[in-house]
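Have a look at the structure below before the remarks.
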Amino acid sequence: MLIQRASKIATRRQSLFRLLLSTIAAFFGVQTERNRHRDFQSRSPIPFIIMGILIAIVLVISLIFIVKLVLA
């Protein structure tokens, strides 16, 4: 029981990390063909859309922060 639970948590973390890396690679246009096929085999595009929106928000906020830091 405990081993199954730990395995599910590890799998969830790995899939979240894989989702993050795949979305970042696609966001910057360096996604491999193999990963693109793997991503399109997933059931729903919603996690990729949400992750893409979050990455875009983080990118914009970091750019605003860098510009304010340089101009200050």
Side-chain angles (χ1 to χ4, degrees):
M1 176 86 170
L2 185 60
I3 295 172
Q4 284 179 331
R5 189 170 186 191
S7 176
K8 283 183 181 181
I9 291 171
T11 303
R12 192 176 304 146
R13 284 184 183 167
Q14 185 180 23
S15 64
L16 182 62
F17 185 69
R18 183 181 290 174
L19 174 68
L20 176 65
L21 287 180
S22 183
T23 308
I24 288 173
F27 195 79
F28 290 106
V30 293
Q31 180 76 300
T32 63
E33 187 69 20
R34 187 184 75 185
N35 288 345
R36 189 181 67 78
H37 282 295
R38 183 195 66 216
D39 294 342
F40 277 97
Q41 296 299 322
S42 66
R43 296 179 187 167
S44 172
I46 300 298
F48 293 100
I49 294 169
I50 292 171
M51 187 64 74
I53 291 170
L54 290 174
I55 290 172
I57 290 170
V58 168
L59 180 67
V60 168
I61 290 172
S62 62
L63 287 173
I64 290 170
F65 176 75
I66 290 170
V67 168
K68 284 187 177 190
L69 188 66
V70 169
L71 293 178

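Sequential numbering from 1 along the given sequence is applied to the chain's residues. Only heavy atoms go into these numbers, but all of them, side chains included; no hydrogens, no water, no symmetry mates.
Linking ILVMFWY side-chain heavy atoms closer than 4.5 Å, directly or via other members, places L20 and F28 in a single hydrophobic cluster.
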Distance-only donor-acceptor hits, side chain of residues 58-72, under 3.5 Å, sequence neighbours excluded:
from, atom 1, to, atom 2, distance (Å)
S62, OG, V58, O, 3.0
S62, OG, L59, O, 2.8

Could you tabulate the donor-acceptor pairs under 3.5 Å formed by side-chain atoms of residues 48-55, not counting sequence neighbours?
none

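In this structure, the salt bridge (Lys or Arg N to Asp or Glu O under 4.0 Å) partners of R36, at least two apart in sequence or on a different chain, are E33. A25 pairs by the side-chain contact (heavy atoms from CB on, under 4.5 Å) definition with V30, Q31, not counting sequence neighbours.
Note that CZ of R18 and OG1 of T23 are 12.0 Å apart. Values are rounded to the nearest 0.5 Å.
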